[in-house]
Amino acid sequence: MTPSPDAPSRPETGRTASADVPSVADPIVAAATTPSQQFAARSGRAPGGGAGRLLRGLWSNLWRLWFFVTVLVLWWVLSADSTSTFFPPLRDIAQSLYDTWIAGEARSDLWSSLRHFAVGYTIAGVLGVAVGALLWKFQRIGHAVSPVLYFIYVIPTAALLPAIVAIMGIGSSMKITIIVLAAIWPTMLNTLDGMRGIEPLRLDTARVLHMSPLATVRSIVLPGAMPQIMAGLRHSLQIGVIMMVVSELIASREGIGFFILEAQQRFAITEMWTGIIVLAVVGSILTFLFIAVERVVLAWYIGARAVEQKG
Amino acid sequence: MSHPAVTPTSHSGTGTEPVLSVRALQKAYNVGKPNERLAIADVTFDVAKGEFVCVVGPSGAGKTTLLRCLSGLLAPTSGEVRFEGAPLQEVPARLSVVFQDYSRSLMPWLTVNRNVALPLKVAGVAKRQREDRIAEVLHAVGLGDVGRNYPWQLSGGMQQRVAIARALAHQPDMLLMDEPFASVDAQTRFDLEDLILKVRSDLDITVVLVTHDIDEAVYLADRVVVLSGAPSRVEEIVPVPLGRPRNQLVTRSEETFAQLRRHLMELVTAH
């Protein structure tokens with residue numbers, strides 16, 4: 001690649017909060033940009049290529065787990081003779097984990113949580129991208145709506161819980177509503193920010209190629225904003241998991257959160273720990289799946305960044 | 001010289017209706033606001049079918065603004081641009097634009113093939129013919145088997161070739177180019193200049209190319225439109241009586257080339 005000062009091949013993510021677009025919505029956008037910057041920093045690693053490299057990558061990832069494994073072993077050994085009520089031996093926790101979550105009845109709690117999360121997160125993601133895109137497309141309406149959105153955005157969703165429970169009861173719709181209300185923001189605001197950051201020349205190119213508005217959004221705007229949309233979706237994922245548990249802790253008769261709370265209340269401390277471990281495992285798997293999807297969706301972006309860094 | 005284009009020149013084509021006709025074009029930014037700024041004061045010229053016209057001017061002369069007005073991306077404040085007889089509303093279907101910044105005009109999430117396919121999809125070309133056409137234009141710009149690559153995997157010169165291929169894909173009558181070779185190194189620039197001359201004569205296409213490089217303008221053009229500094233006016237329209245085909249070594253060492261170069265230098269640096 002010929003280095004030339006006039007030709008940066010830098011895709012438009014990792015920008016700071018849009019200083020070039022002064023508007024009412026800026027505080028929200030600024031708030032939402034942080035995770036995408038973290039993301040940009042994270043995904044700066046060069047992508048793998050070739051089987052040997054893949055194996056090496058796998059090995060180095062496994063090797064990175066050494067500390068995690070050490071902690072587990074230490075926990076196992078040090079807790080082996082524990083008589084403490086609050087810190088039972090890990091062996092007991094592991095046994096209980098199998099009995100309760102794999103062989104036992106807590107599976108229904110797991111499915112209940114996952115179902116609410118899946119529905120809520122999907123709605124939050126789709127709505128977030130759609131509303132963000134509409135706010136970008138119809139800027140005047142966006143400017144009018146932004147203060148209202150910002151007002152809702154700053155309310156901690158936890159504070160809305162009593163109201164939502166009062167209105168919707170303690171069923172599935174309440175839980176899904178809570179997840180959507182909290183998880184929609186990062187995706188929506190990152191979508192808006194990402195679309196605002198599309199290079200004007202890309203939009204000129206779309207006009208020069210006579211692309212229809214719909215084709216422009218599908219082929220230019222959406223992919224161009226995708227790095228930031230994915231950063232938003234990732235943040236939404238974390239918030240979605242948190243709100244899934246919170247909704248079950250506040251008012252529920254099922255779910256992982258309910259299981260943990262209920263175990264604690266009847267002093268089944270070992271079972272309580274199993275619930276927490278299940279949450280950690282669920283969170284890890286969801287994050288892992290997300291990264292896998294992201295690597296595919298943003299392959300072009302990761303590749304282009306690697307080329308850019310090589311110069 | 002208020003309407004220099006009216007003066008007939010030996011290289012202005014066959015005397016039929018001009019492909020592009022620019023009349024008293026004026027463009028001001030922020031009209032009616034305190035920071036109103038006149039970018040183009042009065043520009044008039046014609047481009048005949050098959051002609052190669054270069055537009056040069058000192059930096060900041062509103063060359064890019066002019067090109068955006070010519071392409072229909074920007075509406076002029078007053079005056080008129082006609083393409084194939086019709087006043088410009090949007091970007092005309094038979095007109096293609098190549099921008100300087102290929103890294104932004106090519107989509108990094110699309111492979112070379114898919115980038116070139118964009119205008120063909122808009123035109124509703126069937127998949128099979130699309131593939132044939134893509135191979136054809138990539139070959140025409142001297143690119144071999146790079147269709148499955150992403151633009152960012154190619155060198156700058158190759159990326160600009162892809163952009164040119166995409167502009168040619170739906171067989172336009174005219175190519176508008178905005179400093180297309182300004183972002184590549186000198187050797188690649190020569191190659192691309194020769195490429196565009198070859199494409200132009202192979203496809204019998206009309207080209208208007210905006211550049212700040214006077215040598216490049218003389219080397220490529222049949223006529224050179226010289227703009228004054230901002231707000232732009234047409235300083236002079238200079239015919240280039242150099243033979244074709246042109247050759248980087250031979251043409252550039254001709255006496256006429258040196259004279260034209262000197263004359264244009266004087267025009268551009270006089271302000």
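A note on names: the letters A, B, ... follow the listed sequences, proteins ahead of strands, and every chain is numbered from 1.
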Proximity breakdown for [X] and chain A, heavy-atom pairs closer than 4.5 Å:
| X | result |
| --- | --- |
| B:Leu106 | backbone |
| B:Arg68 | side chain |
| B:Ser105 | both |
| B:Leu73 | both |
| B:Val122 | side chain |
| B:Pro92 | backbone |

- With a 4.5 Å heavy-atom cut-off, do B:Gln26 and B:Pro76 have their side chains touching? no
- Once the angle between the rings of A:Tyr150 and A:Tyr153 is folded into 0 to 90°, is it parallel (under 30°), tilted (30 to 60°) or perpendicular (over 60°)? tilted
- Evaluate the criterion salt bridge (Lys or Arg N to Asp or Glu O under 4.0 Å) for residue pair B:Lys49 and B:Glu51; output intermediate values, then yes/no. CA-CA 5 Å; B:Lys49 184 166 167 35; B:Glu51 201 179 16; over 6 Å; no
- Can you pull out the residues in residues 203-215 of chain B with any heavy atom less than 4.5 Å from chain A? none
- Counting distance only, does the side-chain N/O of B:Arg94 pair as donor-acceptor with the main-chain N or O of B:Gln171 below 3.5 Å? yes
- A:Trp136 side chain to A:Leu192 main-chain N or O, any donor-acceptor pair under 3.5 Å? no
Does either side chain, that of [X] or that of [Y], offer a donor lying less than 3.5 Å from an acceptor on the other one?
| X | Y | answer |
| --- | --- | --- |
| B:Glu193 | B:Gln248 | yes |
| B:Thr77 | B:Tyr29 | no |
| B:Thr188 | B:Asp185 | yes |

- Message: Applying the side chain to side chain contact (heavy atoms under 4.5 Å, CB included) criterion to A:Met188, which one of A:Val131, A:Leu134, A:Asp193 satisfies it?
- Response: A:Val131
